[in-house]
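Notes follow once the structure below has been shown.
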Amino acid sequence: MYNTISTELNNGILEITINRPDKLNAINREVMNELALAVDEVYKNDGVFAALITGSGPKAFIAGADISEFPKLTTEQGEELSKVGHTIFQRIEDCHKPIVAAVNGFALGGGCELAMACHFRLASNNARFGQPEVNLGIIPGYGGTQRLTRLIGKGKALELMLTGDMLNAEEALKWGLVNHVTTPEELLPKTRELLQKIHGKAPLAVARVIKCVNSYFRYDENGFETEITEFAASFGTKDLKEGATAFIEKRTPNFKGE
Ligand code: COA
């Protein structure tokens, strides 16, 4: 079905693998288009409760946008390229189901930006993060200047983007860019285990938490107001009644996402 990515549904988790290992999984137009289709499936398929994104091969998550496409682009085409990336990465960030990056090697440029658009990140101990665009005469174009600053703060974000240096996994953990560091072998099992923990929770509540946290970063929204609205809306759900009743009856809740 896909040329440059592969997807597999594994116990309700759609596992999306960027699959161009000979080019360190660089994101060309086809990857971006296919990623958009896979993200659509996360939104629409009721059999999918969460997704993980990873890279194929032992070396790279994604080593960036495909640099070979750059030299011939005009300013207008550059704008279009950036807008397409922004739209898809925003859709990942806004998804009502958790989407997590399992970073298994180089996460550079657009790869770091894709990881940052995910709800959170796990990394194997061989992961490397960076925004090396200044080395090429460009800047991050898929949200990196904004999301990196939000995640690690202005000073550290500027240092990374101005030097083009890479962070190793332990530094990324210390700087708050990733939540967990594992061995390469443990990366996918640990990511699946974390996602399966979320599987038992009330799906509408999961979606509302994501929405409220995202609201913190929207300049046209007041996150506290969003929280009041979403908290209130929870009282109209069958899941809240089920969760509260199950607690009182000392049993495991059976949430239906209603
Ligand atoms: N776009 C296109 N092709 C890329 C790529 C990218 N972002 N990153 C790596 N590749 C390709 C290389 O051109 C090479 O292809 P080839 O075998 O046909 O020559 C292949 O992937 C392997 O990469 P190579 O550079 O030989 O691996 P390495 O281990 O020596 O170095 C990196 C790894 C990640 C340090 C290096 O590939 C690199 O700096 N990549 C670009 C990173 C970048 O600037 N990303 C931001 C882009 S906006």
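Residue numbers start at 1 and run along the sequence shown. We count ligands from 1, going down the list as the structure has it; atoms in each ligand are counted the same way. As the structure is a computational prediction, the values presented were derived from the model and not from experiment.
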Heavy-atom neighbours of F247 CZ exceed 12 at 6.0 Å = no
request  = Please work out which of G109, A63, G64 has its closest non-hydrogen atom nearest to atom 43 (C) of ligand 1.
outcome  = A63
message = Quick test of your reading of the structure: of K59, Q131, R20, whose heavy atom lies closest to atom 27 (O) of ligand 1?
response = K59
Residues E230 and K211 bridged, charged N to O under 4.0 Å =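 Salt bridge flag = yes for K211 with E230.
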inquiry  = Can you confirm whether the side chains of E34 and T4 place a donor and an acceptor under 3.5 Å from each other?
reply    =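 Result is yes, a qualifying pair exists.
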Ignoring angles and geometry beyond distance, decide whether [X] reaches within less than 3.5 Å of ligand 1 through its nitrogen or oxygen atoms.
X	answer
I67	yes
K23	yes
E133	no

inquiry  = Using every non-hydrogen atom in the two residues, find where P184 and S124 come nearest and quote the distance to one decimal.
reply    = CA-CB, 3.7 Å
Non-hydrogen protein atom less than 4.0 angstrom from [atom]:
atom	value
atom 12 (C) of ligand 1	no
atom 31 (O) of ligand 1	no
atom 36 (C) of ligand 1	no
atom 1 (N) of ligand 1	yes
atom 7 (N) of ligand 1	yes

I need the nearest protein heavy-atom contact for [atom]: residue, atom name and distance, please.
atom	result
atom 33 (C) of ligand 1	L24 CD1, 3.6 Å
atom 44 (O) of ligand 1	P132 CG, 3.6 Å
atom 34 (C) of ligand 1	L108 CD1, 3.6 Å

request  = Could you tell me whether the side chain of V103 reaches within less than 4.5 Å of the side chain of V178, counting heavy atoms only?
outcome  =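 No, their side chains stay 4.5 Å or more apart.
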request  = Would you indicate whether the side-chain heavy atoms of L151 and R121 approach each other to under 4.5 Å?
outcome  =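 A side-chain contact exists here, since the closest heavy-atom pair is under 4.5 Å.
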inquiry  = Parallel, tilted or perpendicular, judged at 30° and 60°: which one describes the rings of F49 and H199?
reply    =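 It falls in the parallel class, under 30°.
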task = Just jot down the salt bridge (charged side-chain N to carboxylate O under 4.0 Å, His left out) partners of E249, sequence neighbours excluded, or say none.
result =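 Partners of E249 by the salt bridge (charged side-chain N to carboxylate O under 4.0 Å, His left out) criterion, ordered by chain and then number, come out as R251.
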Is [X] near ligand 1, meaning one of its heavy atoms is under 4.0 Å from it?
X	value
R128	no
D22	yes
G110	no

query = Is F70 reachable from I27 through a run of I, L, V, M, F, W or Y residues, each pair having side-chain heavy atoms under 4.5 Å apart?
reply =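 Shared cluster, yes.
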task = Please step through side-chain contact (heavy atoms from CB on, under 4.5 Å) for the pair I13 and Q196, ending with a clear verdict.
result = CA-CA 8 Å; I13 301 170; Q196 287 301 342; 3.5 Å; yes
ask   = Given R192, which of E15, E186, E8 fulfils the salt bridge (charged side-chain N to carboxylate O under 4.0 Å, His left out) condition?
value =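 That would be E15; it is the only one of E15, E186, E8 passing the salt bridge (charged side-chain N to carboxylate O under 4.0 Å, His left out) with R192.
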task = Enumerate the atoms of ligand 1 whose separation from the nearest heavy atom of D66 is less than 4.0 angstrom.
result = 1 (N), 2 (C)
